[in-house]
Amino acid sequence: DQQVKQNSPSLSVQEGRISILNCDYTNSMFDYFLWYKKYPAEGPTFLISISSIKDKNEDGRFTVFLNKSAKHLSLHIVPSQPGDSAVYFCAASRVWNAGGTSYGKLTFGQGTILTVHP
Amino acid sequence: DAGVTQSPTHLIKTRGQQVTLRCSPKSGHDTVSWYQQALGQGPQFIFQYYEEEERQRGNFPDRFSGHQFPNYSSELNVNALLLGDSALYLCASSLDVYNEQFFGPGTRLTVL
């Protein structure tokens, strides 16, 4: 049961243009969403996140949009740079409390390979 | 400030063997999570440790076990290795479950 889906395995963009990476989820209990970037031979690096109470979060060239009714989020990179070429993972989290203990884990999508051409 | 470190970088084992992977969390972090990333897939949650106890577990068999030490470092053990266990194993640390997880570079395990 793939609760987080990135339906585009790859995306190719020209330098300076906008890159839009998409992610869909099925579990309405998710309350926190994150984007990670991964270069070969490295672990995923946190990029940007958004709480379910917001619909937009911006950090420099990176903006994440959340549409809760559609269970969809997207990452916009403007302007795209060749150094942005990497695998981008969407992840969702749900934190809950039971018996005085907090629980939470990340559920990842399959990833999208972004290539930015000079 | 050192980030999350993992050892070894690469490992080759044969079917039926046992393996231990190690992780040191980012300074100040008390929660360690382990993930398995198969080729072409996103990381899949194995389990999470907090205060030296397994707090929650993903859909992985009992062959996968772990441990967390008083200094918050952690080990992942896999017994009776199968070919399908070949993957990149990622360790992530965080300050409890409410904050972003920081990942190590991973251990590439190949089972022959």
So if I take each residue of residues 14-22 of chain B and look for any heavy atom under 4.5 Å from a heavy atom in chain A, which residues do I end up with? none
Side chain to side chain contact (heavy atoms under 4.5 Å, CB included) evaluation trace for A:Asp84 with A:Phe62: CA-CA 11 Å; A:Asp84 295 330; A:Phe62 303 92; 4.1 Å; yes
A:Leu34 portion near chain B, given a 4.5 angstrom heavy-atom threshold: side chain
Where on B:Gln37 is there a heavy atom nearer than 4.5 Å to chain A: the side chain, the backbone, both, or neither? side chain
Can you classify the ring geometry of B:Phe102 versus B:His29 as parallel (below 30°), tilted (30 to 60°) or perpendicular (above 60°)? tilted
Could you state whether B:Leu95 and B:Tyr72 fall into the same hydrophobic cluster, counting links through intermediate Ile, Leu, Val, Met, Phe, Trp or Tyr residues with side-chain heavy atoms under 4.5 angstrom apart? no
Can B:Gln101 and B:Tyr35 be said to form a side chain to side chain donor-acceptor pair (under 3.5 Å), step by step? CA-CA 12 Å; B:Gln101 296 186 13; B:Tyr35 294 82; 3.0 Å; yes
Any chance CZ of A:Arg61 has more than 12 other-residue heavy atoms, nucleotides or ligands included, within less than 6.0 Å? yes
Do the ring centers of A:Phe46 and B:Phe103 come within less than 6.0 Å of each other? no
Under a 3.5 Å distance rule, please check whether B:Gln68 uses its side chain to pair with a backbone N or O of B:Glu51 as donor and acceptor. yes
